[in-house]
Protein chains: 2
Amino acid sequence: MNSRQNKTRVSEFSLIKKYFAPFASEGAYNLRDDAAEIIPTQNTSLVITQDAIAQGIHFFEDDPPKLIAKKALRVNLSDLAAKGAIPQYISLALGLGNSWSEAWVADFAKSLHEDCEVYGIELTGGDTFATGAGFVVSITAIGELPYNQYVSRLGAKPDDVLYVTGNIGDSAMGLFARQKKFKALSSEDSKYLINRYQVPQPRVELSGFIQKFATASMDISDGFVGDLQKLCLASGVSSSVEITKIPFSKPVLSLFESESNYLETALTGGDDYEILFTANPADCIELEKEISILPFPVSRIGTINSGQGVKVFDTSGEVIEFDKTSYDHSGESR
Amino acid sequence: MNSRQNKTRVSEFSLIKKYFAPFASEGAYNLRDDAAEIIPTQNTSLVITQDAIAQGIHFFEDDPPKLIAKKALRVNLSDLAAKGAIPQYISLALGLGNSWSEAWVADFAKSLHEDCEVYGIELTGGDTFATGAGFVVSITAIGELPYNQYVSRLGAKPDDVLYVTGNIGDSAMGLFARQKKFKALSSEDSKYLINRYQVPQPRVELSGFIQKFATASMDISDGFVGDLQKLCLASGVSSSVEITKIPFSKPVLSLFESESNYLETALTGGDDYEILFTANPADCIELEKEISILPFPVSRIGTINSGQGVKVFDTSGEVIEFDKTSYDHSGESR
């Protein structure tokens with residue numbers, strides 16, 4: 001039963017002590033206990049989310065462990081940001097693939113530790129185990145926000161205004177760039193896109209803003225159009241978006257000029273980790289004033305209407321049709 | 001990147017809606033949101049733990065999904081019980097192996113749902129993804145206990161008395177029985193042992209008892225001797241245990257009569273999911289009175305002393321030597 005594929009004879013116990021205990025939370029007893037205690041702040045709610053990433057699906061076997069660690073963490077922080085929560089704790093289940101080594105674990109842990117410091121997060125514990133196959137990283141993240149301030153994706157109302165952070169499609173194009181699909185792309189643009197694919201930038205600075213203004217909010221992880229459809233379905237509304245308002249980076253815009261239908265890739269590919277949110281039109285003036293203090297762009301891209309469905313209008317006012325609307329990490333398009 | 005091994009064309013979205021949303025927590029919006037809200041009860045602490053189980057390491061590919069679900073949940077509830085916490089929520093990252101089907105997911109979810117009802121637990125959310133290899137189930141469990149009542153494994157003091165729940169070694173022998181290693185074992189005994197291996201019985205009824213009496217506590221998951229060593233190391237103490245006091249089931253006792261050194265297997269094999277705890281000797285009279293109300297046995301097996309190490313004494317007062325003291329699920333003995 002016990003698959004002895006490990007190349008080094010280092011134990012789980014010593015790996016944890018050496019690489020993970022240094023960023024353990026106070027209630028985690030240096031990761032020497034079975035569990036950890038979390039003492040909630042009064043009058044707050046906790047927000048919990050869990051996203052796992054697996055080799056061959058979300059990352060490549062030869063991706064540097066430091067990038068895998070950042071991605072595993074940041075996809076979860078993106079979910080917390082979308083709910084208006086401030087990240088506080090993570091728990092980590094680290095499934096070691098057959099090719100693991102102590103150096104791999106050391107690089108992974110060092111990078112996770114660094115990112116936890118950047119985002120003010122502590123590790124409560126978790127588990128390390130051999131998968132017998134590829135690497136799997138399952139992080140559960142917990143954030144906090146004032147009681148009654150949680151923002152779901154169910155609250156959008158007709159006439160609400162639709163906003164999005166950052167640029168759309170960088171990651172989907174970054175995956176293609178990683179696969180060397182673009183012959184004419186400059187190395188600078190390629191580097192930008194691959195970095196956007198490999199290292200998500202969770203919009204944690206948006207949390208207070210979301211608490212204050214958003215009627216509905218979600219992170220975009222499976223493709224802009226499909227995720228907007230999910231928000232609309234959950235809220236029982238429809239949405240109209242103008243293509244000219246959707247923010248694209250210069251490298252992505254340059255790729256749109258090629259023959260392939262990269263516009264569809266950008267609008268329906270995965271891993272954006274930007275935030276899609278709606279706001280009451282009465283709040284928009286104040287909201288748009290406050291956007292300027294954020295360290296990333298926030299774009300007003302469309303409106304929420306009654307009815308069902310998502311329509312993206314092109315420059316001539318025609319509705320754009322998509323073959324598929326999102327990327328399914330479980331292995332199927334939908 | 002997207003490994004399209006799935007045999008059925010059912011989406012992650014519909015799997016979640018159909019099989020997992022029925023036991024979602026109130027703050028999880030029927031699992032349609034990115035995350036879930038947890039509103040902590042006043043003056044309580046939360047206890048968080050995360051244990052993952054993987055095909056080939058913790059279970060076999062052909063194990064029924066309903067048993068895999070129960071095991072994945074219960075190994076986490078065992079940790080919560082050891083800390084004195086009452087289980088409340090779980091988050092689930094379900095890594096689907098190449099052989100998955102909708103029927104597999106349906107059986108898994110139905111069994112998890114049933115167990116969640118048995119233990120009074122709700123699902124906050126999680127993630128479903130293809131692993132590209134075997135199944136991996138990563139559950140994060142959250143429990144609650146009164147503020148300041150958390151019991152770590154670090155609090156054992158010299159002269160404390162050592163207790164253990166249930167029987168030791170059933171699961172290690174159950175794994176061997178599952179592998180058909182015992183030719184002479186009766187089918188009834190074999191069934192008992194395999195069931196103990198496949199379906200852990202987390203001692204959740206012990207939580208209040210642990211809060212009230214335990215100075216240190218942990219669950220035994222990697223082998224009795226090795227886990228007792230960990231408790232002693234964490235508390236800075238040593239321990240003496242008499243073999244005659246350690247509780248073994250009749251099937252395990254009958255196997256001790258064969259030629260192999262199954263005593264060592266029983267005392268150092270994994271997956272017991274019993275609770276090892278210490279108590280102040282001044283509390284033992286009251287504690288032992290209250291034991292009778294518990295639905296499982298609790299045995300007084302030894303004492304805590306100053307110094308380091310664990311000694312298990314045989315019937316003639318000699319210290320038993322072990323080749324290895326525990327089972328390492330990461331793939332190495334230690």
Side-chain angles (χ1 to χ4, degrees), chain A residues 1-6 9 11-13 29 32-40 45-52 54-57 79-80 82-83 91-93 95-96 124-134 136 138 140 147 150 152-154 175 218-219 234 328-332 334, chain B residues 1-6 9 11-13 29 32-40 45-52 54-57 79-80 82-83 91 93 95-96 124-134 136 138 140 147 150 152-154 175 218-219 234 327-332 334:
Chain A
M1 192 72 171
N2 192 337
S3 61
R4 303 187 168 275
Q5 311 94 337
N6 306 354
R9 291 199 59 83
S11 74
E12 180 182 7
F13 191 74
Y29 299 91
R32 292 192 295 171
D33 206 13
D34 310 63
E37 185 178 16
I38 291 176
I39 301 172
S45 290
L46 296 180
V47 179
I48 181 167
T49 188
Q50 180 177 24
D51 260 0
Q55 177 181 314
I57 307 293
D79 283 321
L80 292 184
K83 306 295 100 187
S91 177
L92 165 72
L96 296 170
T124 59
D127 194 14
T128 312
F129 60 98
T131 65
V136 174
S138 169
T140 304
Y147 177 68
Y150 181 95
S152 77
R153 64 172 77 161
L154 285 71
L175 172 58
M218 71 182 290
D219 88 319
D328 187 343
H329 287 103
S330 72
E332 290 295 327
R334 58 179 177 260
Chain B
M1 190 73 169
N2 192 338
S3 61
R4 302 187 169 271
Q5 311 92 340
N6 305 353
R9 291 201 61 82
S11 74
E12 181 181 8
F13 191 73
Y29 300 90
R32 292 192 294 171
D33 206 13
D34 310 64
E37 185 178 18
I38 290 176
I39 302 172
S45 291
L46 296 180
V47 179
I48 181 166
T49 189
Q50 181 177 24
D51 260 1
Q55 178 180 315
I57 308 292
D79 283 323
L80 293 183
K83 306 295 101 189
S91 178
L96 295 170
T124 59
D127 194 13
T128 310
F129 60 99
T131 66
V136 175
S138 169
T140 304
Y147 177 67
Y150 181 95
S152 77
R153 63 172 76 161
L154 285 72
L175 172 57
M218 72 182 289
D219 88 320
Y327 180 88
D328 188 342
H329 287 103
S330 73
E332 290 295 328
R334 58 178 179 262

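Throughout, protein chains are lettered first and strands after them, A, B, ... in sequence-line order, and every chain is numbered starting at 1.
Between the D79(B) side chain and the A35(A) main chain, no donor and acceptor come within less than 3.5 Å of each other. Within the 3.5 Å criterion, the main-chain N or O of D219(B) finds a donor-acceptor partner in the side chain of D34(A).
Residue contact with chain A, scored on non-hydrogen atoms closer than 4.5 Å, involves the backbone and the side chain of I48(B) alike. Both the backbone and the side chain of S91(B) come within contact range of chain A, with heavy atoms under 4.5 Å apart. With a 4.5 Å cut-off on non-hydrogen atoms, V136(B) touches chain A through its side chain but not through its backbone. Using a 4.5 Å cut-off between heavy atoms, T124(A) contacts chain B through its side chain alone, with no backbone atom that close.
Considering only heavy-atom pairs separated by less than 4.5 Å from chain A, the leading option among G134(B), S152(B), P40(B), G95(B) is S152(B). Your options are A36(B), A234(B), S138(B), and the one with the most heavy-atom pairs under 4.5 Å with chain A is A36(B). Note: G126(A) leads G126(A), G125(A), A82(A) in heavy-atom pairs under 4.5 Å with chain B.
The shortest heavy-atom contact between A52(A) and A93(B) is CB-CB, 4.0 Å.
A distance of 9.0 Å separates CZ in F129(B) from CD1 in I57(A), rounded to the nearest 0.5 Å.
Residues D33(B) and K83(A) are in side-chain contact: their nearest non-hydrogen atoms beyond the backbone lie under 4.5 Å apart. Side-chain contact between T131(A) and T131(B): absent, with no pair of heavy atoms (C-beta onward) separated by less than 4.5 Å.
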